Every structure is written in C-alpha cells, then in structure tokens.
Amino acid sequence: MRDFIRRFVELSGYVKAIYFSNKKSGYFGLPIFDGSIDFLKLMKVLQVLRYDDNIVLHYLPSYYGRYGVDLEVLNSFINSLGSGGADKRLIKSIEKIVSEMLSQGG
C-alpha cells in the first residue's frame with residue numbers, strides 16, 4: 001500500500017486510470033496484489049488523494065465470486081455522502097508518506 005501511495009503521488013496529475021489486479025504476472029499498473037484485494041481500503045486512499053478518474057478491477061478466475069460483493073460495497077461507498085470515508089488513522093498514514101516524499105524532494 002505504501003508503494004502504491006508513493007507512486008500515485010509521484011504521478012499526480014498524470015493518472016487517468018488505475019488498474020487493480022491480483023495477478024502477479026500482469027502487465028498493467030499498480031498495485032498488483034497476491035490474493036483478495038481490499039478494494040474499499042484502496043477507494044478510501046484514493047478519496048483522500050482526491051482521485052476521481054477511472055478505476056479498472058481485474059480478478060483471477062478463483063476470485064470471480066468476490067466481484068458482486070466488492071461491487072456492492074464500492075457502489076455503497078461511492079454513493080454515500082462521505083459517511084464511509086477514510087478514518088483519521090488512514091489519513092495520517094497517507095499524510096506521513098506524502099510528507100516523507102516532500103522532504104526527500106519527491
């Protein structure tokens with residue numbers, strides 16, 4: 001997650017689509033995970049980073065059963081008025097990473 005946030009901040013303003021995949025040998029974007037992806041946590045991170053462009057979800061066949069549940073959770077989060085937003089701990093974590101990057105010169 002830390003690497004994703006660092007990379008996203010480095011590319012800030014240039015990212016027009018994010019491709020989430022749990023396939024290690026995938027050729028596209030960040031982040032690439034092993035196993036089940038916590039899409040809700042990633043959406044909260046993107047909310048804090050003020051990202052509102054395209055998001056692509058990619059599932060290995062063994063995780064296809066999660067698609068409906070993930071989609072329902074994400075739609076609820078997106079359609080809420082911020083009530084399901086990022087908690088203070090996540091916000092502080094992201095702010096810390098961004099501060100470290102800025103102090104290192106990006």
Side-chain angles (χ1 to χ4, degrees):
M1 183 64 67
R2 187 175 186 82
D3 290 339
F4 168 70
I5 294 169
R6 290 182 67 85
R7 190 75 175 130
F8 184 88
V9 171
E10 288 172 354
L11 296 172
S12 183
Y14 296 98
V15 179
K16 296 299 175 200
I18 294 179
Y19 182 93
F20 291 127
S21 176
N22 60 1
K23 183 177 181 183
K24 273 288 192 189
S25 62
Y27 295 107
F28 299 100
L30 288 169
I32 298 174
F33 295 91
D34 251 341
S36 188
I37 300 173
D38 187 346
F39 290 112
L40 183 58
K41 184 172 185 179
L42 291 167
M43 290 297 293
K44 289 178 180 183
V45 167
L46 294 176
Q47 179 190 46
V48 173
L49 295 172
R50 300 182 187 273
Y51 179 79
D52 64 356
D53 280 311
N54 302 305
I55 298 170
V56 177
L57 309 182
H58 175 257
Y59 289 78
L60 288 173
S62 58
Y63 293 94
Y64 285 169
R66 296 257 341 135
Y67 179 76
V69 173
D70 287 342
L71 191 59
E72 187 175 323
V73 169
L74 293 176
N75 278 329
S76 294
F77 174 73
I78 291 167
N79 293 325
S80 72
L81 297 175
S83 61
D87 60 25
K88 290 180 183 180
R89 189 171 150 196
L90 177 60
I91 293 170
K92 285 185 179 190
S93 175
I94 294 170
E95 288 174 347
K96 181 180 176 188
I97 293 168
V98 172
S99 294
E100 287 173 7
M101 290 180 63
L102 293 175
S103 69
Q104 295 170 1

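Quick caveat, the model's predicted, so the values are computed rather than measured. Just so you know, these numbers use all the heavy atoms, side chains as well, and skip hydrogens, waters and symmetry mates. Throughout, residue positions are numbered sequentially from 1 according to the sequence presented.
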Evaluate the side-chain proximity of [Y] to [X]: yes if any heavy-atom separation is below 4.5 Å, no if none is.
X     : Y     : value
Ile97 : Val9  : no
Val45 : Ile94 : yes
Ile18 : Phe8  : yes
Glu10 : Arg7  : yes

How long is the span from the [atom1] atom in [X] to the [atom2] atom in [Y], to the nearest 0.5 Å?
X     : Y     : atom1 : atom2 : result
Lys92 : Lys96 : NZ    : NZ    : 12.0 Å
Ile55 : Leu42 : CD1   : CG    : 8.5 Å
Glu95 : Lys88 : CD    : NZ    : 11.5 Å

Hphob cluster co-occupancy, Met101 + Leu11, side-chain heavy atoms under 4.5 angstrom: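 In one cluster: yes.
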
Taking every non-hydrogen atom, the tightest pair across Leu90 and Lys44: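 Of all heavy-atom pairs spanning Leu90 and Lys44, the closest is CD2-CB, 3.7 Å.
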
With no hydrogens and no angle check, is any side-chain donor or acceptor of Asn54 less than 3.5 Å from a backbone partner on Lys16?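 Yes, the answer is positive, given that a donor and an acceptor are paired below the 3.5 Å cut-off.
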
